[in-house]
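Every heavy atom of this structure was used, including side-chain atoms; hydrogens, water molecules and symmetry mates were not. Within every chain, numbering begins at 1; the chains are lettered A, B, ... in the order of the sequence lines, protein sequences first and strands thereafter.
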Amino acid sequence: MISTLQRTIRPVWASRGLHNSAVEALKYQAPGDTVTASYGKFISEIKPQHLSSVVLHRSKRMVLDSIGVGMIGSTTDVFELALQHCQHMYAPDDISSVYGRTGTRLSPTLAAFVNGVATHSMDFDDTWHPATHPSGAVLPAVLALSDMMPASNKPSGLDFLLAFNVGIEIQGRLMRFSNEAHSIPKRRAPPSLFLILSVFFIARFHPPSVVGTMGSAAACARLLSLDHSKCSHALAIAASLSGAPMANAATQSKPLHIGNASRLGLEAALLASRGLEASPLVLDAVAGVAGFNAFYEDYVPQPLESPNKNGHMFLLEEQDIGFKRFPAHLGMHWVADAASSVHKLLVGFGPGTVSPAQVKDILLRVPKSKYINRPFPESEHEARHSFQFNACSALLDGEVTVQSFTPAAMTRPDLSALLSRVRMEHPQDNPANFNLMYGEVQVTLVGGDILKGRCDTFYGHWRHPLTNESLKKKFRNNAGAVLPSAKVESLIDVVEELDRLGDCKELLSELQ
Amino acid sequence: MVGFSVLSLWKFGSPAFRRRVTYKSVLRLDVLSLEDITMLRKGITESFGGAIHALNTTQLTDGVIHRSKRMMLDTLGVGLLGTRTAVFNKALKYSQMFTSDERSSVWGKSQTTLPPHYAAFVNGIAVHSMDFDDTWHPATHPSGAVLPALLALADALDRPPSGLDLLLAFNVGIEVQGRLMRFSREAYNIPERFHPPSVVGVMGSAAASAKLLGLSPAQCSHALAIAASSAGAPLANTATQTKPLHIGNAARRGLEAAQLAQLGLEGNPNILDLDRGFGVYYKDYSPSAMTDCASGDFRWILEDQDVAFKRIPAHLGMHWVVDAALAARAELANEVRNFDLSQIRRVTLRVPPSKYIDCPFPATEHQARHSFQFNACSALLDDKVTVSSYSEAQINRPALRELLSKVKVETPKANQPNFDKMYCEVEVETHQGQSHVARCDTFYGHWRKPLSQEDLVGKFSVNASSVLCTEGVEGVMEVIGNIERVRESSVLGLYLTMTSSQQEQLYSSM
């Protein structure tokens, strides 16, 4: 039996030679001084009165859009697969509702998972700057958790909105720890063998998988009213669940990044509430032991000030969200708008068709990004991430819609013909940055005429936000795919009233 | 386990919107980047998918069978002991929130079952909860990520797999981890960024589960791709209560990835080939294809590189420093009449540089398991280091704290942070001016000096007996010892839950 170590070494008389300097002892930091602790305190101290009317307004729009997008997402194959998986590996659990499936309920983390998958399944959900998809990682978790709370003690609409905003805020703050994030996390330049790399869109980790999990954990910690220490631990536990490689984006797995962010963030908060502890320095940069900075090359964390002192300015106040008009990567919206203006020129502002026979050459001037440069997309997922596909679709049809990604639309001979005539250019002045990029479409006709379209700011971008009417129209189209119109209208009303609802169950009950 | 429902294969038809576009002409080079071209024909991910699918029991050699059975036994013992920890109990309570039709056993619990994923989760946590599980080179804890997933899956399958199937799948899971770690020089040293089990462990679990499920080569590749999106936990959470979850999650999410692949979910089919695929976890990344197992050139990594088994529940690095400290102490006791510890003026440790195991004044059990200083002092104070050395009471002993304050750590340049090359020296100086140095190059239990079979079985016995009754302990030993001949591996689950009722009652309220 071994209960003690055996001494098997013979001692050595070492000379008292010179040795290198010792490893520095960890500098002793007062527990309250760390960035991690400041985040824990912030989450536990933030209150509804810290939400300004602008933030309330913008976040309610995000909630509405996210629900709608989740609803239409529940009609996708990947959602079905994820749902079947959960129902197969786990029994039905009458707790948290599932988008678009009346009567189906799952355990809270599983509901968060499938609803998150639904939200991102068509790449139709909101996008922020620096780039991530903030709402899909947070809302499903907050909804699932609200469903879990006892009927007599559900959060008010305002508590719900506060938790949601905490989830968004934390994501925004974390992204600002790194310059890399501003242009979407870049990989350190690969070996010189490869071409230059504009720093952008050569992503390493898919941002929602990095910050989304943290946001979800923060939002759930807030909703659970955890104390500041548990809030910190929730974030730290979540860090061990963050991070998915970019290579899986534009595959069928991508929506799971958001689904998992939502689910695992909720899980982290629940584990923290049971007393699980993790690193108290996860957000701080400790040399030689990576915490959250494992996901970034450059990392400069900043503490969050307590809102109790001077209130708090939410990032959403300074930087609005972009909503998509059609289900594709945000970059597609620029070329689609540019191409659609060329379409209008071609058909003369009336209904009409563009024929490939007219077109000799299509030149796209877009930012350089491998991730959204796909000349001949083979799957719906790839099509949603293809400058070429979206430009040609808009050129043909005048716009890109949900229907543009159906098999029938994708395999049209006219479309293939146009695709084979596309060339790409990556002007130096067109960086892959959602705040700075533009899209230009130049069509050379068979006769020699050249038509040009350019889009600097698409409609739906934060510089040119969707009107409330447009947002509601998008919601009606989306939610209407699975809910009767009476419910659709009730949902619109209840989200509008969310900050005035005494009990969020009024929202929850309209979802199924 | 009674009442398994059939884990049927769901098919959703081919992904609805895929269509093979045939390119009449040559690939348009102006639209492909150079990276695309060079990556195009590597087929590394494909080779892994193919190998996972094709590896069969005839390829298992005696050497590999022997070593992997030792790993399985040690893992089970360590896991059983781990079911008595606080972190395990928290995870168990959390996991009981979930319901399912299929249920899998929770080791050391006769009355509790969980949905398979959560059984893999909690059992994996148990294995790593005390840092007592096996370690490989390049560094990771390979077995804890794989065995819990396989046993949970085996419990849930309609027909329990044979012992040989289980053994094969286990080895596939280990092999894949070993291969992946060889894709990077960074992996050979003590980590700084991501905790290795969280990077390669989930891939191993996915591979092993895919093997046991009998997935096609393409599905095996996709299982790896899906798993890659669940990889990577930062090192900062080691030395905390969350560390065991890295293994628990690796087991669980690898299993999940395989099952999602079985349902037809797809990820990036070149996940291992790409820098922005699995390569994101490493600063230098040079993947290579898996040898074709039909070619006759295939050789298991485990054949050439054994694991280390721990004798104390602490980070592997601690084993060197403890052995050296014990030797130095023996020297002192021999040389100095009436030696007592108050005569110590200073203790100098010469260790490899590694921030996360350099902790001068650990406050928790987790920190203590990752502290050169603590382990050296425990050895000096008690003349032994055991499972009970890490309790709160032991950590807070004034005599220990006092000794800790006399410790200095040096990191000689020659001492590399690499489990194959490192050494530890302990030098003790007395007030009388005497100095005694001891050095440990290879501790007993390291792959260069493996535990004897008797000592390995002894470790298992002690660990398992804290939870199981004698019949259970002996039953597990019997089944693992003869696993190649066991027809239905489900018998293992029965033994793993044969607790002695007193012990279960004693700990169930924790």
At a 4.5 Å cut-off on heavy atoms, which part of Ile95(A) comes close to chain B: side chain, backbone, both, or neither?
neither
May I ask you to test the Tyr90(A)-Glu102(B) pair for a side-chain heavy-atom distance under 4.5 Å?
no
Would you mind reporting whether Tyr94(B) and Thr109(A) have side-chain heavy atoms less than 4.5 Å apart?
yes
What residue, out of Ala233(B), Pro116(B), Ser230(B), has the most heavy-atom pairs lying under 4.5 Å from chain A?
Ala233(B)
CG (Leu281(A)) and OG1 (Thr240(B)) are apart, to the nearest 0.5 Å, by 11.0 Å
Region of Ser107(A) that comes under 4.5 Å of a non-hydrogen atom in chain B:
side chain
Proximal component of Val289(A), with respect to chain B [non-hydrogen, under 4.5 Å]:
both
Taking only Lys NZ, Arg NE, NH1 and NH2, and the carboxylate oxygens of Asp or Glu, determine whether Glu267(A) and Arg253(B) approach each other closer than 4.0 Å.
no
For chain B, find which of Ser253(A), Ala294(A), Ala244(A) contributes the most heavy-atom pairs closer than 4.5 angstrom.
Ala294(A)
Applying a strict 4.5 Å limit to non-hydrogen atoms, the region of Leu265(B) in contact with chain A is both
For each of Val457(B), Val351(B), Leu349(B), Thr242(B), tally heavy-atom pairs with chain A at distances under 4.5 Å, and name the one with the top tally.
Thr242(B)
Phe295(A) and Tyr281(B): aromatic ring centres closer than 6.0 Å?
no
Those residues at least two apart in sequence (or on a different chain) that pass side chain to side chain contact (heavy atoms under 4.5 Å, CB included) with Ala379(B) are Val322(B), Ala325(B), Leu326(B), Val385(B)
Name the option with the most non-hydrogen atom pairs under 4.5 Å to chain A; the candidates are Glu192(B), His366(B), Arg329(B), Lys243(B).
Glu192(B)
Side chain / backbone / both / neither for Ala231(B) at chain A, heavy atoms under 4.5 Å
backbone
Please identify each residue that fulfils salt bridge (Lys or Arg N to Asp or Glu O under 4.0 Å) with Asp382(B), with sequence neighbours left out.
Arg397(B)
Could you go step by step and tell me if Arg276(B) and Lys370(A) meet the side-chain contact (heavy atoms from CB on, under 4.5 Å) rule?
CA-CA 11 Å; Arg276(B) 69 187 197 282; Lys370(A) 216 174 123 212; 2.9 Å; yes
Tell me if a side-chain donor or acceptor on Asp93(A) pairs with a main-chain N or O of Phe98(B) at a distance below 3.5 Å.
no
Can you tell me how far apart CD (Gln252(A)) and CD1 (Ile226(B)) are? Round to the nearest 0.5 Å.
8.0 Å
Nearest heavy-atom pair of Ser100(B) and Met89(A): which atoms, and what distance?
CB-O, 3.1 Å
Between the main-chain N or O of Ala225(B) and the side-chain N or O of Asn248(A), is there a donor-acceptor pair closer than 3.5 Å?
yes
Interface moiety of Ser242(A) toward chain B, non-hydrogen atoms closer than 4.5 Å
backbone
Locate the shortest heavy-atom distance separating Ala239(A) from Pro234(B); write the atom from each residue and the value.
O-CD, 3.1 Å
Chain B shares the most heavy-atom pairs under 4.5 Å, among His381(A), Arg374(A), Gln87(A), His257(A), with His257(A)
Choice from Asn249(B), Leu235(B), Asn268(B) maximising heavy atom contacts with chain A below 4.5 Å
Asn268(B)
Chain B: which of Ser209(A), Pro280(A), Gly275(A) shares the most heavy-atom pairs with it under 4.5 Å?
Gly275(A)
Mind checking whether Arg274(A) and Lys93(B) have side chains closer than 4.5 Å, heavy atoms only?
yes
Can you see which heavy atom on Leu274(B) is nearest to which on Ala247(A), and at what distance?
CD1-CB, 3.9 Å
Top residue by heavy-atom pair count (under 4.5 Å) with chain A, among His222(B), Arg193(B), His195(B)?
Arg193(B)
What pair of heavy atoms forms the shortest contact from Pro245(A) to Ala228(B), and how long is it?
CD-O, 3.1 Å
So which part of His85(A) gets closer than 4.5 Å to some heavy atom of chain B, the side chain, the backbone, both or neither?
both
Do you know the tightest heavy-atom contact between Gln241(B) and Glu277(A)?
OE1-N, 2.9 Å
Approximate separation, where rounding is to 0.5 Å, of Cys86(A) SG and His117(B) NE2:
9.0 Å
Which atoms form the tightest heavy-atom contact between Gly291(A) and Ala236(B), and what is the distance?
CA-CB, 3.4 Å
Any side-chain donor-acceptor pair under 3.5 Å between Ser240(A) and Asn237(B)?
yes
Under 4.5 Å from any heavy atom of chain A - which part of Leu245(B)
side chain
Side-chain contact test, heavy atoms from C-beta onward, threshold under 4.5 Å: evaluate it for Leu256(A) versus Leu260(B) and give yes or no.
yes
Stepwise salt bridge (charged side-chain N to carboxylate O under 4.0 Å, His left out) check, Arg263(A) with Glu256(B):
CA-CA 14 Å; Arg263(A) 145 161 81 150; Glu256(B) 182 175 81; 2.9 Å; yes
